Amino acid sequence: MPPRSAQYWESRPLGRVRCGLCPRRCLLEEGRRGRCGARENAGGAMAIPFYGLVSSIAMDPVEKKPLSRFMPGTLTFSVGLWHCTMECPFCQNWEIAHPFPEAASKGGLSAGSLDPDALVNLACESGAPSISFTYSEPCLHAEYLLDCLPLARRRGLKTILVTNGCLEKGPAQAILDHVDASNIDLKSPSPRTYESVLGGSLEAVLRFIRIAASRCHVELTSLAVPGILDKEEEFQALGKLVAAIDPSIPLHATCYRPAYRWRKAPLRPERVRSLAEAARPWVEDLIIHA
């Protein structure tokens, strides 16, 4: 596939580049990659080493995204890419979100390369009425999404985005202009937890949710993680954050399983239900997966 120019960056002195895709805004020396591992300073310009590299393809029930109020009972053609804008220690898809450095060297990932037309053709041939960008963090590959999403819509597919929402305003608006439905992770009501534990920005995520709610169908997911999101007052605070945007937005409360660097035992189902119920006074559509 021919090289693609990256968007959302600016030149800085001494051949450095400043990334403008996510709130980290990494300043990259020549030859270095950002903390995400997927964007690189090549000769004083931002390069996209992994454009079109697909980590996984599957047919999923749309409810698995999870989306309970958008095209229920249908399958969606699900596409995973590589890497992530955040560093959650309990990542459920860490093998593709945080591949080992030796596997993630340029050209070293064992994945297929699909240009947008080929990908959308596969989605249409699958018979599914929608295409979902999911599993890792699709917004990290903004340029690929901006090539695929409008094409998928022109071919009659509904477009779905499953994301952590940790993105700057410009790329968020550009991507969401082409999205029909999104499930967005709302991982904690604490800015400090987002910054120090998850490697993200609560402010950016809330802004992303507001932008999404003005453009497409939105559902949110909060994962009950022991030691990170496991208190009634935290779920109450989440409920208030959702209500301040739109209390009718569905909120999924789900139970984590030990993965990646977080080995604590999962919360008991009754505990997850109790935690989720703490958000109910502020959320009109609460969906509990325990």
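Note that these values count all heavy atoms, side chains included, but never hydrogens, waters or copies made by symmetry. This structure is a prediction, so every number in the text was calculated from the model and none was measured.
Contact annotation: the side chain of V242 approaches that of L186 to within less than 4.5 Å [non-hydrogen atoms, C-beta and beyond]. With contacts defined as side-chain heavy-atom distances shorter than 4.5 Å, the pair K231/Q236 does not qualify. Considering only heavy atoms from C-beta on, K158 stays 4.5 Å or farther from P129 through its side chain. Residues M46 and C19 form a side-chain contact, since some pair of their non-hydrogen atoms from C-beta on lies under 4.5 Å apart. Put simply, the side chain of V197 reaches to within 4.5 Å of the side chain of P89, judged on heavy atoms. Residues D230 and V225 have side chains not in contact (no heavy-atom distance under 4.5 Å, counting atoms from C-beta outward). Residues M86 and D185 fail the side-chain proximity criterion, which asks for heavy atoms closer than 4.5 Å. Here the side chains of L161 and L145 are in contact, with some heavy-atom distance below 4.5 Å.
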Checking side-chain hydrogen bond (donor to acceptor under 3.5 Å, both in side chains) for the pair R33/N41: CA distance, chi angles, key distance, verdict?
-> CA-CA 6 Å; R33 291 186 182 167; N41 180 347; over 6 Å; no

CA sep, side-chain torsions, deciding dist, call: C255, H289, side chain to side chain contact (heavy atoms under 4.5 Å, CB included) = CA-CA 7 Å; C255 185; H289 308 269; over 6 Å; no

Show your working on side chain to side chain contact (heavy atoms under 4.5 Å, CB included) between S130 and L157 and close with a plain yes or no.
-> CA-CA 5 Å; S130 65; L157 295 171; 5.8 Å; no

Stepwise, does the side chain to side chain contact (heavy atoms under 4.5 Å, CB included) test hold for I175 with C139?
-> CA-CA 8 Å; I175 292 169; C139 291; 4.1 Å; yes

For the pair S136 and N93, evaluate side-chain hydrogen bond (donor to acceptor under 3.5 Å, both in side chains) and give the outcome as yes or no after the intermediate values.
-> CA-CA 6 Å; S136 61; N93 289 306; over 6 Å; no

Run the numbers on L146 and H178 for side chain to side chain contact (heavy atoms under 4.5 Å, CB included), then give the verdict.
-> CA-CA 8 Å; L146 290 171; H178 305 287; 4.0 Å; yes

Apply side-chain hydrogen bond (donor to acceptor under 3.5 Å, both in side chains) to T163 and E137, showing your working.
-> CA-CA 6 Å; T163 174; E137 179 43 59; 2.8 Å; yes

Please test E87 against R24 for salt bridge (Lys or Arg N to Asp or Glu O under 4.0 Å), starting from the C-alpha separation and ending with a verdict.
-> CA-CA 12 Å; E87 298 171 348; R24 287 172 170 168; 3.3 Å; yes

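Closest approach of L119 to C148, counting heavy atoms only: CD2-SG, 3.9 Å. Across S274 and E232, no two heavy atoms sit closer than the pair OG-OE2, 3.5 Å. Listed here is the closest heavy atom pair of Y135 and S56: CD1-OG, 3.4 Å. The two atoms that bring P226 and W262 nearest to each other are O-NE1, 2.9 Å, heavy atoms only. Between H141 and W82 the shortest heavy-atom distance is NE2-O, 2.6 Å. The minimum heavy-atom distance linking R207 with L167 is given by the pair NH2-O, 3.2 Å.
Here the side chain of E284 pairs no donor or acceptor atom with the backbone of I249 at under 3.5 angstrom. A donor-acceptor contact shorter than 3.5 Å links the side chain of R16 to the backbone of P13. Looking only at distances, no side-chain donor or acceptor of R215 sits under 3.5 Å from a matching main-chain atom of R210. No donor-acceptor pair closer than 3.5 Å links the side chain of D60 to the backbone N or O of S78. N164 contributes a side-chain N or O that, together with a main-chain N or O of C166, makes up a donor-acceptor pair within less than 3.5 Å. Put simply, the side chain of E277 never gets that close to the backbone of R273: no donor and acceptor are under 3.5 Å apart. At least one donor-acceptor pair under 3.5 Å links the side chain of E219 to the backbone N or O of S68. With R39 contributing its side chain and L140 its backbone, the two residues share a donor-acceptor pair below 3.5 Å.
Put simply, CG on L238 and NZ on K187 are 12.0 Å apart, with the number rounded to the nearest 0.5 Å. A distance of 12.5 Å separates OG in S214 from CD1 in I209, rounded to the nearest 0.5 Å. Interatomic distance, OG of S113 versus CG of L53, reported as 5.0 Å (0.5 Å rounding). A distance of 10.0 Å separates CZ of R257 from CG of L223, quoted to the nearest 0.5 Å. The distance from the CD atom of E29 to the CZ atom of R12 is 12.0 Å, given to the nearest 0.5 Å. One finds the OG atom of S182 at 8.5 Å from the CG atom of L220 (value rounded to the nearest 0.5 Å).
Ion pairing between R32 and E30 fails under the 4.0 Å rule for side-chain N and carboxylate O. With respect to the salt-bridge test (charged N to carboxylate O, under 4.0 angstrom), the residues R25 and E168 qualify. In this structure, E270 pairs ionically with R268, as a charged nitrogen and a carboxylate oxygen lie closer than 4.0 Å.
The cluster map of Ile, Leu, Val, Met, Phe, Trp and Tyr, joined by side-chain heavy atoms under 4.5 Å apart, puts V17 and F50 in different clusters. Clustering ILVMFWY residues whenever any of their side-chain heavy atoms sit less than 4.5 angstrom apart, transitively, puts I245 in a cluster other than the one holding F70. Grouping the Ile, Leu, Val, Met, Phe, Trp and Tyr side chains by contacts below 4.5 angstrom, directly or via other members, places L241 with V218. Linking ILVMFWY side-chain heavy atoms closer than 4.5 Å, directly or via other members, places L28 and L21 in two distinct hydrophobic clusters. Side-chain heavy atoms closer than 4.5 Å link hydrophobic residues (I, L, V, M, F, W, Y) into clusters, and following such links, possibly through other members, connects L251 to L275.
Of the options Q92, K264, R263, a side chain to side chain contact (heavy atoms under 4.5 Å, CB included) to P258 is made by R263 and by none of the others. Of the candidates T74, L75, L67, T74 is the only one forming a side chain to side chain contact (heavy atoms under 4.5 Å, CB included) with M71.
With hydrogens and angles left out, the side-chain atoms of D180 and T159 include a donor and acceptor closer than 3.5 Å. No hydrogens or angles considered: nothing links the side chains of K65 and T221 as a donor-acceptor pair under 3.5 Å. S132 and T76 share a side-chain donor-acceptor pair at under 3.5 Å.
The aromatic rings of Y256 and F90 sit perpendicular, their planes meeting at an angle over 60°, well past the 30° parallel limit. Taking the six-membered ring for Trp and thresholds of 30 and 60 degrees, Y144 and F133 have ring planes more than 60 degrees apart, a perpendicular arrangement.
Ring centers of H98 and H83: at least 6.0 Å apart, outside the cut-off.
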